[in-house]
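Here's the structure we're looking at; comments come further down.
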Amino acid sequence: MSSPFEARGEDEPSHLVLVNAAGEHSLWPAFAAVPAGWEATGPAASHGACLARLARASRTPSSATP
């Protein structure tokens with residue numbers, strides 16, 4: 001069985017990018033419920049698009065207080 005964090009179809013909206021109150025971001029499979037304390041940063045998108053969102057988020061200073 002493959003991991004739900006792996007790429008699916010190239011353009012399939014299979015993943016979400018989540019963020020928590022600490023400003024941490026995570027890749028999450030779209031079929032799974034969003035865990036408590038996390039929220040989606042946008043609609044489901046392809047694995048590659050979500051990885052690009054994560055890369056942008058890692059370069060953007062967080063508004064969360066350390």
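The structure displayed is predicted, hence computed values, not measured ones.
When every heavy atom of A44 is checked against every heavy atom of A30, the shortest pair comes out as CB-CB, 3.9 Å. H15 and C50 make their closest contact through O-SG, 3.3 Å (heavy atoms, listed as atom of the first residue, atom of the second, distance). Among all heavy-atom pairs drawn from S58 and A55, the shortest one is OG-O, 2.8 Å.
Counting only heavy atoms from C-beta outward, the side chains of H47 and L27 approach each other to under 4.5 Å.
Listed by chain and residue number, R56 satisfy the side chain to side chain contact (heavy atoms under 4.5 Å, CB included) test with A52 (two or more places apart in sequence, or in another chain). Under the side chain to side chain contact (heavy atoms under 4.5 Å, CB included) criterion, A36 pairs with no residue, sequence neighbours left out.
For the pair W38 (side chain) and H25 (backbone), a donor-acceptor distance under 3.5 Å is absent.
To the nearest 0.5 angstrom, L54 atom CG is 7.5 Å from S26 atom OG.
Criterion: ILVMFWY side-chain heavy atoms under 4.5 Å apart, direct or through other members. Under it, L51 and V17 are part of a common hydrophobic cluster.
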